[in-house]
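Only one structure is covered here, and it is reproduced in the block below.
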Number of protein chains: 2
Amino acid sequence: MRGYLRDTVDEETGVGTLRPWEALVVDAVGNLIEFWNFKRNQGRVWALLYLRGRALTAAQIQSTLGLSKGAVSMLVRELEQWCVVVRVRSPHDDAWRFAAETELMKMIGRVISERERGLVQSVREDLERAERIAKDDDDVPREVLDRLRRMRTLAVFVEKALKVFVDTARFDAIGVLDVLRDKTPRN
Amino acid sequence: MRGYLRDTVDEETGVGTLRPWEALVVDAVGNLIEFWNFKRNQGRVWALLYLRGRALTAAQIQSTLGLSKGAVSMLVRELEQWCVVVRVRSPHDDAWRFAAETELMKMIGRVISERERGLVQSVREDLERAERIAKDDDDVPREVLDRLRRMRTLAVFVEKALKVFVDTARFDAIGVLDVLRDKTPRN
DNA sequence: GTTGCGGTTCAATCTGTCTTGAACTACATA
DNA sequence: TATGTAGTTCAAGACAGATTGAACCGCAAC
């Protein structure tokens with residue numbers, strides 16, 4: 001909720017500024033991403049970079065979003081690890097610049113495949129282990145085993161669904177998703 | 001992480017107990033649900049009730065999972081609000097008992113439709129608003145408007161996808177999901 | 001070497017959330 | 001009315017995680 005009201009002059013290489021509509025986007029993404037268990041400010045940084053469409057320096061990000069030096073350093077590093085932001089440095093530039101990954105679907109696909117799937121998978125494994133132990137236990141009623149099986153089935157189901165999604169996103173198989181790619185501003 | 005090591009005698013109406021394999025399930029669900037932005041203990045309570053397959057009293061839940069009186073009261077109330085647990089009281093019983101909703105898909109469908117969709121929807125709305133404002137602004141470059149449009153398209157897309165999922169879950173349209181319903185322990 | 005700048009690190013701090021436990025309500029029963 | 005049990009509430013405390021800010025490193029220019 002920091003840089004919400006900022007909307008001052010934008011002199012290149014100077015103090016960053018955020019227009020109201022930009023703030024709207026940046027915070028919308030921040031909220032969404034926060035629910036998805038990332039840091040709100042990670043979402044805000046990515047959204048800013050994506051909106052601007054060019055690489056910004058850490059200092060620009062810092063002043064535009066009203067973050068601290070340390071915070072920006074951490075946030076961009078984390079975003080880099082998710083391959084959601086890349087760090088670039090042109091020859092005669094004396095500062096790193098950060099740019100947003102623009103292929104939305106691939107980006108989401110990657111995150112899901114690396115994070116969500118791991119989680120679902122480990123839950124599925126725990127359920128399977130529990131099921132095995134319970135089966136060896138004589139006094140576990142049939143219906144309980146049934147419920148265990150149902151939970152496991154669900155986990156497997158979700159795991160498969162995520163895989164389908166990830167693959168779809170990766171190959172951009174469906175034409176519909178095309179609108180989401182850069183370089184194809186049809187309409 | 002409380003009742004992890006407990007595994008003592010289970011004398012009806014007495015102090016609750018949790019077998020190792022039960023703890024495994026309860027915690028797996030707890031972890032999953034925590035990532036889904038619910039409280040870990042909400043997941044644990046639901047999992048316990050689902051596993052046991054019968055209605056338990058607050059006191060039983062409390063001692064089995066090692067929670068406080070107040071916590072159980074809050075947790076079950078919240079779970080009730082999500083229609084994930086129901087509160088029942090038989091004629092001559094002097095305590096409420098809590099039972100888990102057993103239709104996994106419908107349960108998840110309901111949660112998604114009430115929570116996730118609302119979130120995605122409000123993000124979509126913010127993006128639309130930003131887009132409108134930006135369009136009225138002369139010096140917003142074409143590509144920026146394009147990126148805004150792409151984000152909005154994605155939000156719309158996700159919103160639709162969730163709707164499909166929710167409807168599918170609600171009507172149990174696909175036969176595959178049948179395995180997940182109660183009363184149909186095929187295989 | 002030293003000054004300046006970009007960037008990182010990390011202990012301390014802050015923040016927001018969950019949990020606790022004691023006080024309280026409601027409603028039995030004696 | 002007094003006593004007991006089930007359940008709720010909520011202020012206080014505990015906790016986890018995010019954020020800060022100052023010290024620090026590396027490097028280039030002087």
Side-chain angles (χ1 to χ4, degrees), chain A residues 1-4 13-16 27 30-31 33-46 49 55-82 85-99 115, chain B residues 1-4 13-16 27 30-31 33-46 49 55-82 85-99 115:
Chain A
M1 278 301 165
R2 280 307 180 68
Y4 213 102
T13 343
V15 171
D27 287 327
N31 292 336
I33 229 55
E34 186 175 34
F35 247 72
W36 211 256
N37 248 300
F38 287 92
K39 294 183 197 164
R40 170 187 173 70
N41 280 331
Q42 288 175 341
R44 302 213 310 141
V45 169
W46 176 85
L49 297 177
L56 301 186
T57 64
Q60 288 171 328
I61 297 171
Q62 179 184 344
S63 66
T64 308
L65 296 182
L67 303 169
S68 71
K69 207 174 180 240
V72 172
S73 177
M74 288 212 40
L75 292 170
V76 295
R77 177 153 43 84
E78 290 153 0
L79 289 172
E80 274 182 280
Q81 286 164 353
W82 287 107
V85 151
V86 284
R87 176 186 302 238
V88 293
R89 172 125 65 168
S90 340
H92 297 293
D93 198 343
D94 57 348
W96 287 105
R97 286 170 184 273
F98 302 91
R115 213 189 55 170
Chain B
M1 278 302 165
R2 281 305 180 68
Y4 213 102
T13 344
V15 170
D27 287 327
N31 292 337
I33 230 54
E34 186 175 33
F35 248 72
W36 211 255
N37 248 302
F38 287 91
K39 295 181 195 162
R40 172 187 170 73
N41 280 331
Q42 288 174 342
R44 302 212 310 141
V45 169
W46 176 84
L49 296 177
L56 302 187
T57 65
Q60 288 171 326
I61 296 172
Q62 179 184 345
S63 67
T64 307
L65 296 182
L67 302 169
S68 71
K69 205 172 179 243
V72 172
S73 176
M74 290 214 37
L75 293 170
V76 294
R77 176 152 45 82
E78 291 154 359
L79 290 173
E80 273 183 279
Q81 285 164 353
W82 288 107
V85 150
V86 284
R87 176 187 301 240
V88 293
R89 171 124 68 167
S90 342
H92 298 294
D93 199 344
D94 56 348
W96 287 105
R97 285 170 183 273
F98 302 91
R115 213 187 58 169

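Within every chain, numbering begins at 1; the chains are lettered A, B, ... in the order of the sequence lines, protein sequences first and strands thereafter.
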Rounded distance (Å) that lies between atom C1' of D/dA16 and atom CZ of B/Phe35
14 Å
Can you tell me the distance, in whole Å, between the CG atom of A/Asp94 and the P atom of D/dA29?
9 Å
I want to verify a distance call: between C/dG7, D/dT19, D/dG7, whose nearest atom is closest to the B/Ala58 side chain?
D/dG7
Could you give the NE2-to-P distance, from A/His92 to D/dA29, as a whole number of Å?
11 Å
When all nucleic acid strands are considered with a 4.0 Å heavy-atom cut-off, which category describes B/Ala71: base, sugar-phosphate, or nothing?
base
Of all pairs that satisfy salt bridge (Lys or Arg N to Asp or Glu O under 4.0 Å), the ones with a partner from residues 64-78 of chain A, not counting sequence neighbours
A/Lys39-A/Glu78
Contact check, side chains of A/Leu49 and A/Leu79, non-hydrogen atoms, under 4.5 Å:
no
Would B/Asp27 and B/Arg40 pass as an ion pair if we require N to O under 4.0 Å?
yes
Can you find a side chain N or O atom of A/Arg77 that sits less than 4.0 Å from OP1 or OP2 on C/dT9?
yes
With A/Phe98 as partner, the option from A/Val76, A/Val45, A/Val86 fulfilling side-chain contact (heavy atoms from CB on, under 4.5 Å) is A/Val76
NA contact type, A/Arg89, heavy-atom cut-off 4.0 Å: base, sugar-phosphate, or nothing?
nothing
Would you tell me if any nitrogen or oxygen in the side chain of A/Asn41 comes within less than 4.0 Å of OP1 or OP2 on D/dA18?
no
note: B/Glu34, atom CD; D/dG17, atom P; distance rounded to Å ~ 8 Å
Whole angstrom value for the distance that separates C1' of C/dC18 from CZ of B/Phe38
16 Å
Nearest whole Å is fine: how far is C/dT8 C1' from A/Phe98 CZ?
11 Å
The side chain of B/Lys39 is closest to which nucleotide in this list: C/dT8, D/dA18, C/dT19?
C/dT19
Once you round it to whole Å, what is the distance between P of D/dT19 and CG of A/Leu75?
6 Å
Considering only heavy side-chain atoms of B/Met74, the closest of C/dG7, D/dT9, D/dG21 is D/dT9
Closest non-hydrogen atom pair, A/Glu34 against B/Asn37
O-ND2, 4.0 Å
Reading 5' to 3' through nucleotides 22-30 of chain C, protein heavy-atom contacts under 4.0 Å coded B for base, S for sugar-phosphate only, - for none:
---------
Does A/Trp36 reach the side chain of B/Phe35, with side-chain heavy atoms less than 4.5 Å apart?
no
Hey, does the side chain of B/Arg87 come within less than 4.0 Å of D/dT8's phosphate (OP1/OP2), counting only N and O?
yes
A/Arg97 atom CZ is separated from C/dC5 atom C1', nearest whole Å, by 14 Å
Checking B/Trp82 now: which residues fulfil ring pair (Phe, Tyr, Trp, His ring centres under 6.0 Å) with it, not counting sequence neighbours?
B/Phe38
